[in-house]
Amino acid sequence: MSEQPCDSSAPTLFTWEFATDPYPAYAWLRDHAPVHRTTLPSGVDAWLVTRYADAKKALADPRLSKNPQRHSAAAHAKGKVGIPGERSAELMTHLLNIDPPDHTRLRRLVSKAFTPGRVAEFAPRVRTLTDQLIDAFEERGEADLIHEFAFPLPIYAICDLLGVPREDQDDLRDWAGMMIRHGSGPRGGVARAVKRIRGYLAELIHRKRGDLGEDLISGLIRASDHGEHLTENEAAAMCFVLLFAGFETTINLIGNGVYALLRNPEQRAQMQRAVEEGDERLLAAGVEELLRYDGPVEIATWRFATEPLTLAGQRIAEGEPVLVVLAAADRDPERFAAPDVLDLARRDNQHLGYGHGIHYCLGAPLARLEARTAIGTLLRRLPGLRLAADPEDLRWRGGLIMRGLRTLPVTWNSTGG
C-alpha cells in the first residue's frame with residue numbers, strides 16, 4: 001500500500017479495550033490521521049476514513065466500488081473481506097457487493113417492500129411482536145434485553161416480511177444466533193450458519209413458486225417471471241442480505257440505544273415523559289440521536305478503489321480497500337456540536353448511521369419503526385427499567401462492521417411479586 005508516516009502515539013485499534021469505547025481513538029484519528037492506513041485483525045490492509053466531510057464524499061464516490069473482485073489480488077491474499085461463507089454459498093450477488101447497473105436493478109426490485117406505506121402497514125405486527133416478547137419476561141422483574149428482546153424482535157419481523165412460514169422462523173432465529181455468537185470467533189461457525197440459511201432460502205424460493213403470496217420473496221419471484229432477469233442465486237442472495245443486514249443492525253440499534261438511555265438518566269427521563277405523553281416527535285428525534293451517538297454500524301461495508309485517487313491528502317492505489325468509519329464521522333465536532341453528548345432533542349441531525357448515496361440502507365424505515373416501537377414500549381411498560389450490571393463488566397461483540405453488546409442485563413419492579 002501507499003506509505004503513510006508512522007506516529008508512535010497513534011492509538012491501538014481493534015483490541016477488546018478499543019471495542020468497549022472506540023471513540024477516543026477515533027477522535028485521535030480525526031485530528032491526526034483522518035485517512036489512516038491500518039492492518040485489520042484479518043490481516044487485510046485498509047484505509048480508515050474518520051472525518052464527516054470525507055466520509056460523506058467517500059460513501060458517494062463512484063470510484064469506490066462495492067465489488068470485492070476489485071480488491072487487488074496481492075492484497076486479497078493477506079486475508080478475506082466481506083461476510084464469511086458468502087462466496088462458498090454462492091451469495092455474493094447482493095446489494096452490499098455490487099455496483100450499478102446491477103445494483104440499480106436489484107435495488108429497484110426490493111425497494112417496493114420498504115416504501116413508507118408498506119412499512120406503515122407492518123407497524124401493527126411490530127407492535128404485537130414487541131408486546132409478546134415483553135409479556136414473556138415482564139413479571140419476572142429481570143431480563144437480558146439482547147437475547148430476550150432486541151435479538152428476536154427483528155428476526156421475526158424480517159421473517160414475516162420475507163414470507164418465512166411461522167413454523168420455520170425459530171430455525172432462522174437459531175441460525176442467525178450462530179452468526180451473532182461466532183461473529184468474533186472462528187469464521188467457520190459463521191460460514192456454517194450462512195450455508196444453512198442459503199439452503200433454506202433456496203428451498204423456500206422453490207416452494208413459493210407454486211404458492212405465491214404478498215410477501216417479499218413472492219414479489220421477487222414475480223419480478224423474475226416477468227422479465228426482470230432475477231436469477232435464483234440473486235433472489236437467494238437478496239433474501240440473505242436482507243435477513244443478515246436487517247436483524248443485526250436493529251439488534252444493535254435497540255441494545256445500544258437502551259444502554260445509552262440507561263447511562264444518561266436525564267435524557268432517559270426526557271424520553272420517558274415523551275412516551276407517557278404520547279409525544280411521537282421526541283421519540284422519533286431521539287432514535288435519530290441514538291443512531292448518531294452510538295449507532296449499530298461502526299464501519300460501513302467494504303469499498304475498493306477502482307483507480308488511483310486522493311482522499312484528504314492520502315494517495316490510495318487501485319484495488320486498495322477503503323473503510324468509512326461511521327462511528328467516527330458521527331462524532332465529528334466539525335459537523336455536530338458537543339458530539340460526545342447525548343442530546344435527544346438535537347436539531348439538524350444529518351448523521352451517517354445508515355450510510356449515504358446509492359447504498360443508503362434500504363431497510364432504514366423498518367429499522368426506525370422497530371426501534372421506536374421497541375424503545376417506546378419498553379419505557380411505557382417497564383418505567384422502572386435499570387441496568388443490572390456494572391457497565392465495566394459488559395462486553396461488546398468483536399467484529400469489524402457492527403457495534404453491539406453481547407448482553408444487556410436489566411431489572412425493574414415487577415408486578416408478579
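The basis for the numbers below is simple: all heavy atoms, side chains too, and nothing from hydrogens, waters or symmetry mates.
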* Asked: Between D343 and Y293, does a side chain to side chain contact (heavy atoms under 4.5 Å, CB included) hold up when you go through it step by step?
  -> CA-CA 9 Å; D343 179 5; Y293 179 76; over 6 Å; no

* Worked verdict on D135 versus R381 for salt bridge (charged side-chain N to carboxylate O under 4.0 Å, His left out) -> CA-CA 10 Å; D135 288 344; R381 293 188 55 178; 2.6 Å; yes

* Might you work through the side chain to side chain contact (heavy atoms under 4.5 Å, CB included) test for F304 and N67, ending with a clear yes or no? => CA-CA 7 Å; F304 307 91; N67 188 343; 5.9 Å; no

Taking side chain as C-beta onward, heavy atoms only, is [X] less than 4.5 Å from [Y]?
X	Y	answer
I251	P296	no
L400	L323	yes
F18	T12	no
L153	T250	no
R303	H359	yes
D215	S218	yes
D54	P34	yes
I146	R406	no

* To do: State whether the side chain of K57 and the backbone N or O of L311 hold a donor-acceptor pair below 3.5 Å, judged by distance alone.
  => no

* State whether the side chain of D45 and the backbone N or O of R37 hold a donor-acceptor pair below 3.5 Å, judged by distance alone. => no

Would you check if there is a donor-acceptor pair between the side chains of [Y] and [X] at a distance under 3.5 Å?
X	Y	result
T310	R315	yes
Y259	N264	no
R196	Y200	no
D160	Q169	yes

* Asked: If you measure from the Lys or Arg side-chain nitrogens to the Asp or Glu carboxylate oxygens, is any gap between R372 and E288 under 4.0 Å?
  -> no

* Asked: Below 4.0 angstrom, N of the basic side chain to O of the carboxylate: do D168 and R207 qualify?
  -> yes

* To do: List the steps and the verdict of side chain to side chain donor-acceptor pair (under 3.5 Å) for R268 and Q272.
  => CA-CA 6 Å; R268 180 264 180 80; Q272 189 87 45; 3.2 Å; yes

If you take all heavy atoms of [X] and [Y], which pair is closest and at what distance?
X	Y	answer
P100	I358	CG-CD1, 3.6 Å
F122	L366	CD2-CD1, 3.6 Å
N256	G404	OD1-CA, 3.6 Å
L13	A25	CD2-CB, 4.0 Å
R140	A143	NH2-CA, 3.6 Å
L408	D144	N-OD1, 2.9 Å

* Kindly indicate, with the supporting measurements, whether the criterion side chain to side chain donor-acceptor pair (under 3.5 Å) is fulfilled by T306 and R63. => CA-CA 5 Å; T306 60; R63 298 172 299 174; over 6 Å; no

Rounded to the nearest 0.5 Å, what's the gap from [atom1] on [X] to [atom2] on [Y]? Could you check?
X	Y	atom1	atom2	answer
L262	L145	CG	CG	8.0 Å
E17	W396	CD	CH2	15.0 Å
R403	E248	CZ	CD	13.0 Å
L261	L385	CG	CG	9.5 Å
D31	R51	CG	CZ	7.0 Å
L48	L40	CG	CG	6.5 Å

* To do: Verify salt bridge (charged side-chain N to carboxylate O under 4.0 Å, His left out) between R198 and E203, making sure each step is shown before the conclusion.
  => CA-CA 9 Å; R198 168 66 172 89; E203 181 206 356; over 6 Å; no

* To do: Evaluate side chain to side chain donor-acceptor pair (under 3.5 Å) for R331 paired with Y26, printing each intermediate quantity in order.
  => CA-CA 9 Å; R331 292 216 188 180; Y26 288 148; over 6 Å; no

* Worked check of ring pair (Phe, Tyr, Trp, His ring centres under 6.0 Å) between F137 and W412 -> CA-CA 11 Å; F137 56 70; W412 59 92; 5.7 Å; yes

* Asked: Does atom CD of E167 have more than 12 heavy-atom neighbours from other groups under 6.0 Å away?
  -> yes

* Verdict with supporting geometry, I254 and F149, side chain to side chain contact (heavy atoms under 4.5 Å, CB included) -> CA-CA 9 Å; I254 296 170; F149 186 66; 4.2 Å; yes

* Criterion side chain to side chain contact (heavy atoms under 4.5 Å, CB included) on R335 and R292, from CA distance to verdict -> CA-CA 12 Å; R335 178 59 184 81; R292 183 204 67 81; over 6 Å; no

* What about the rings of Y23 and W28, do their centers lie closer together than 6.0 Å? -> no

* To do: Give the intermediate values and the outcome of side chain to side chain donor-acceptor pair (under 3.5 Å) for residues Q314 and W47.
  => CA-CA 9 Å; Q314 291 295 338; W47 293 93; over 6 Å; no

